[in-house]
Each structure stands twice: as structure tokens, then as C-alpha cells.
Colleague: 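Could you have a look at this structure, given as C-alpha cells, before my questions?
Predicted, not measured: the structure shown is a model, and the values here were computed from it. In what follows, chains are A, B, ... by sequence order, proteins preceding strands, each numbered from 1.
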There are 2 protein chains.
Amino acid sequence: MSAEIAQAAKEPPRKRTNDPEGLRNKVLDVAEASFQAHGYHGSALGELMATAGVSGGALHHHFPTKKALALAVIEERVAAALDETWISPVRAADTAREGVRAVFEAVAAELEQQGFVRGCPLNNLAHELSLADPDFRAALAGIFAEWRQAIADKIRADQQAGREQGTDPERFAAFAVAAYSGAMSMAKTAQDASVLRDCLAELEGSPMPPFPSRAKRRRRILLRPGKP
Amino acid sequence: MSAEIAQAAKEPPRKRTNDPEGLRNKVLDVAEASFQAHGYHGSALGELMATAGVSGGALHHHFPTKKALALAVIEERVAAALDETWISPVRAADTAREGVRAVFEAVAAELEQQGFVRGCPLNNLAHELSLADPDFRAALAGIFAEWRQAIADKIRADQQAGREQGTDPERFAAFAVAAYSGAMSMAKTAQDASVLRDCLAELEGSPMPPFPSRAKRRRRILLRPGKP
DNA sequence: GACAAAACAGGACAACCGGTCTGTTTTGTA
DNA sequence: TACAAAACAGACCGGTTGTCCTGTTTTGTC
């Protein structure tokens with residue numbers, strides 16, 4: 001013990017590494033997860049600081065207010081997540097409809113694998129914050145607009161290739177986003193991802209299976225492995 | 001002033017009218033509105049008591065906890081609202097699709113008239129509370145299930161009348177609910193009800209308008225008349 | 001090395017929230 | 001009228017939350 005004190009007295013107390021960007025990202029990581037799990041009002045900055053291992057001063061230095069933190073999460077993380085799971089796959093797909101189908105199936109598969117439906121980050125925050133603050137609403141509305149525009153642009157590309165002649169790009173885009181958002185809402189509430197496949201099938205206008213009295217598709221109620 | 005004191009001293013201080021049912025309904029009214037406007041976590045019982053003109057003792061007498069109050073709002077008010085705006089109209093309609101169409105248009109017209117989109121009460125609470133508490137989730141999931149079943153039942157009735165032979169009742173119901181929920185989500189975030197009509201048109205599979213280069217449908221951004 | 005700005009630490013605080021508690025009044029019942 | 005239970009009033013409290021503030025350390029720059 002005396003050795004420790006002697007050391008502490010002699011050496012400049014100990015080193016600290018400044019890593020503003022890394023710390024900022026760490027805070028955004030934790031905030032994104034917490035907002036997704038508990039929402040904005042349900043997330044406490046204290047718990048956030050604890051799980052991120054960040055001091056109050058550091059948090060306040062990068063994000064002066066909770067609102068500023070949430071705005072950063074929306075504009076950087078939520079937008080990026082949508083880009084990764086929706087916009088990029090749709091752009092990379094052969095056609096718009098094929099892209100939408102692929103995303104629906106990929107998300108459904110992922111949800112069934114992880115056994116828990118957390119819901120769409122954008123919709124989760126949109127419902128909670130759209131009426132709470134005009135800045136929040138504007139940021140969220142912008143992301144919705146990008147989402148729809150990416151799909152509409154893909155439809156227009158299809159049309160220039162001779163396909164989708166009878167389709168209204170904007171309307172189809174709005175419809176695809178709405179179907180996905182609503183399906184995720186139900187999937188989250190029911191903790192059952194199968195509704196995503198139902199909506200995809202209906203969106204594609206697939207006919208009923210050949211055998212009239214088909215076996216009832218069993219709906220797996222997912223049980224989450226975490227806290228109550 | 002002395003007269004008042006003299007009166008107060010003589011008479012039994014003043015009358016108080018016990019009206020448990022009325023008071024309970026008044027609390028539920030205010031709570032329903034507050035949850036719709038600010039969400040569960042964003043609603044403070046103190047402000048709720050103030051606007052309802054109810055004392056803390058009275059509130060606690062009828063609803064021991066905030067959770068109990070929210071559960072009552074969900075099971076009584078939200079379910080009733082869904083019954084009024086969706087289930088009853090669909091049952092009363094000639095066909096399922098006609099009922100769905102009528103509800104979409106009625107809601108869109110109402111939103112455009114009142115100039116402000118508050119969102120779907122069920123979806124609003126579902127997003128905030130489904131992951132927060134299993135009791136909340138169960139209650140909300142039950143309402144979603146009733147909603148879908150009402151539409152599916154109507155499709156089955158149509159089928160017994162010889163219509164909708166190629167339609168899967170459950171899938172169509174899930175799809176209609178998803179499209180509506182998602183459209184309301186976007187309408188709330190954009191404060192623009194026109195997306196509801198877009199989705200309805202797409203849901204009905206209507207073809208594009210006759211004139212190829214139709215005028216752009218102007219989207220009216222609704223401005224709310226209330227607080228910031 | 002000097003120095004200013006950025007980066008970070010950590011405590012303090014005032015406001016607020018939900019729940020509890022005690023006490024009073026009203027109401028149904030006999 | 002007597003009385004118990006329900007209905008209501010209002011103050012109170014422990015805990016939490018977001019924010020602010022002061023001080024220290026690191027880093028870039030001349």
C-alpha cells in the first residue's frame with residue numbers, strides 16, 4: 001500500500017488516452033442499442049454512461065443534451081442501418097420487386113434465427129418522437145423520404161428497362177415501406193416474425209397454394225432469452 | 001369574509017359528490033389523450049391529475065399504479081377506438097375490400113380535415129410498450145389479433161357468398177393491417193395524410209391514371225395548430 | 001518548453017416523478 | 001341513527017433524471 005502511494009506520488013499519476021472519435025462512437029453504439037430496446041424516454045443517461053464506461057463530463061462534451069445525442073443516433077446510426085438493410089440491397093437487386101422480396105426474406109430469416117423481434121429502429125423512434133419535437137420529426141421524416149425514394153428510383157430504373165410499365169413509382173415505394181413498417185410493428189408486438197412472410201406473399205400477389213385445405217402454418221411464438 | 005367563516009363553521013363544510021364511475025372515466029379520457037400525445041413514459045401523472053382535476057388519492061384509488069392505468073386505457077379505450085373505426089365499419093360493409101377501402105378513406109378524410117396526424121393509438125403504444133412489459137405486450141397483441149380476425153372473418157363471409165375465391169383470409173387481413181399501420185406511421189412522421197391514399201390505391205391494385213404524364217399530386221404538409 | 005484549446009473526470013443540484021400514507025367525507029345498509 | 005366500507009383529499013418521501021459546474025489531464029501548435 002505504501003508502495004502504491006509512493007509510486008502515485010512520484011510518477012505523473014497515470015496515463016490517459018484521449019480518443020474522442022472512439023469514445024463518441026462507443027457512446028453512439030450504446031445509445032443506439034438502448035434507444036432500440038427501451039426507447040428515448042425509457043433510456044437513462046446514467047445507465048448509458050455506466051454501460052459505455054464513460055464519465056458524465058465526457059458524455060456532455062460530445063453531446064451537450066440528451067436531445068443532441070438522440071439526433072446524432074437518428075442521423076448517423078438509424079440512417080446507416082436503413083442504408084445497410086434496405087437501400088443498398090434494393091439498389092443492388094436485379095429489379096425493385098426482387099429487392100423488396102429479398103429484404104423481406106432476409107429480415108424474416110434473421111428475426112427467426114435470433115428468436116426475438118426488436119422492431120424497426122426508424123419506426124420505433126418515429127412513433128415516440130415525431131410528435132415530441134419538430135427537430136426529431138424532421139430528421140425522421142427525412143429518413144423515411146430517402147427510404148421511399150430509393151425504392152421509387154429502382155422502379156424507374158426498371159421502367160427504363162421496359163419493366164413495371166403499369167406501376168407508379170412513388171405509390172409502390174410508399175406501399176412497400178408501409179407494408180414492411182406495419183408488418184414489423186405486428187411482428188414486434190406478437191413476437192412472431194411470420195407475419196412478415198404473410199405480407200410479402202400478399203405484396204407479391206401470390207395465389208393461394210394449390211391444395212384448398214392446406215395445413216395450417218404453425219406460428220412460432222418467439223421467446224426472448226433476456227430479461228423479463 | 002367573516003360571513004364565509006361563520007357559514008363554514010356552522011354548515012358541514014360543503015358538499016362533495018361521489019361519482020366513482022364518472023371520475024374513472026374522466027381519468028381514462030385524459031390518460032388516453034395524454035398517452036396518444038406524449039406516449040406512456042412521456043405522460044406524467046401529476047399533469048394528468050391537474051388536467052383531469054383529480055386528486056392523487058382519487059387517482060390511486062381507481063388505478064393503483066401507472067401501469068394499471070395504462071392497461072385500462074389499452075383494454076378499454078384503445079380496443080374501443082379500434083372497434084369503432086375499423087371492426088364495426090368492416091363488418092357493416094358489403095365486402096371486406098369495400099370495408100377496408102371505406103376505413104382508409106374515412107381516416108384520410110378525417111386527418112386532412114383536422115389538419116394534424118396523431119397516429120394510430122394502438123401502434124403508438126405498441127411500439128413503446130411491447131418490449132417494456134409482457135403484460136402490455138399481451139394486451140396489445142390481443143387487440144392486433146382481434147383486428148386481423150375481424151377482417152379475415154369478413155373475407156370468409158365473402159367467400160361463402162362466392163367472392164374472393166383466390167384470397168387467403170389471414171394473409172389478406174395481416175396485409176391490410178400492416179399497410180394501414182405503416183401508412184399511419186409515415187403519415188404521422190411526415191404530418192401528411194396523403195400517403196394513406198397512396199397505399200389504399202396500391203392495395204386495391206388500381207392501374208396508373210390514364211394520362212401518362214399526370215400532374216404531380218401536391219402533398220399538403222399539415223401544420224398543427226397547437227403547441228410547439 | 002509555453003500555452004491555449006480540446007478532452008475528460010466526477011461531484012453537485014434542482015426539478016420531477018411515482019408511489020405511499022394519513023385523514024376526512026360520502027354512501028350504502030340495517 | 002349507527003357503522004363499516006368505499007370514495008376522495010392532500011401532503012409527503014425516496015429515488016431518479018438531465019444538466020451544470022469546477023477542476024484536471026492530454027494534445028496540438030508555435
Colleague: Should the pair A:R156-A:D153 be classified as a salt bridge under the 4.0 Å nitrogen-to-oxygen rule?
Modeller: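 Judged by the 4.0 Å cut-off on N to carboxylate O distance, A:R156 and A:D153 do form a salt bridge.
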Colleague: For B:D192 and B:S194, test the side chains for any donor-to-acceptor distance below 3.5 angstrom and give the result as yes or no.
Modeller: yes
Colleague: In whole angstrom, what separates B:K66's NZ from C:dC17's C1'?
Modeller: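 Answer to the nearest Å: 8 Å.
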Colleague: Return a table of donor-acceptor pairs under 3.5 angstrom between the side chains of residues 85-92 of chain B and protein atoms on other chains or two or more places apart.
Modeller:
from  : atom 1 : to    : atom 2 : distance (Å)
B:T85 : OG1    : B:A81 : O      : 3.0
B:S88 : OG     : B:D83 : O      : 3.2

Colleague: Flag the pair A:H127 / B:H127 as yes when their ring centroid distance falls below 6.0 Å, and as no otherwise.
Modeller: yes
Colleague: Roughly how many Å is it from CG in B:L48 to C1' in C:dC17, rounded to a whole number?
Modeller: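 Computing the B:L48:CG to C:dC17:C1' distance gives 13 Å.
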Colleague: Going by salt bridge (charged side-chain N to carboxylate O under 4.0 Å, His left out), name the residues that satisfy it together with B:E76, two or more places apart in sequence or in a different chain.
Modeller: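 Partners of B:E76 by the salt bridge (charged side-chain N to carboxylate O under 4.0 Å, His left out) criterion, ordered by chain and then number, come out as B:R24.
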Colleague: Will you find, in the side chains of B:K188 and B:N124, an N or O donor that is under 3.5 Å from an N or O acceptor?
Modeller: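 A pair is found: one side chain offers a donor N or O, the other an acceptor, under 3.5 Å apart.
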Colleague: Rounded to the Å, how far apart are A:K67 NZ and D:dT19 C1'?
Modeller: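 Going from NZ in A:K67 over to C1' in D:dT19 covers 15 Å.
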Colleague: Let me know the distance between CD of A:E47 and P of D:dT16, rounded to the nearest Å.
Modeller: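 Atom-to-atom, A:E47 to D:dT16, this comes out as 11 Å.
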Colleague: With the sugar-phosphate defined as primed atoms, P, OP1 and OP2, and the base as all remaining atoms, what B/S/- string results for nucleotides 5-11 of chain D, 5' to 3', for protein heavy atoms under 4.0 Å?
Modeller: --BBBB-
Colleague: Find the distance A:Y40:OH to D:dT17:P and express it as a whole number of Å.
Modeller: 14 Å
Colleague: Return the value, rounded to whole Å, for the distance between atom CE of A:M49 and atom P of C:dG11.
Modeller: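 Taking atom P of C:dG11 as the reference, CE of A:M49 is at 10 Å.
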Colleague: Let me know the distance between NE2 of B:H41 and P of D:dT17, rounded to the nearest Å.
Modeller: 11 Å
Colleague: How many Å lie between CG on A:L45 and P on C:dC13, as a whole number?
Modeller: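 Result: 20 Å.
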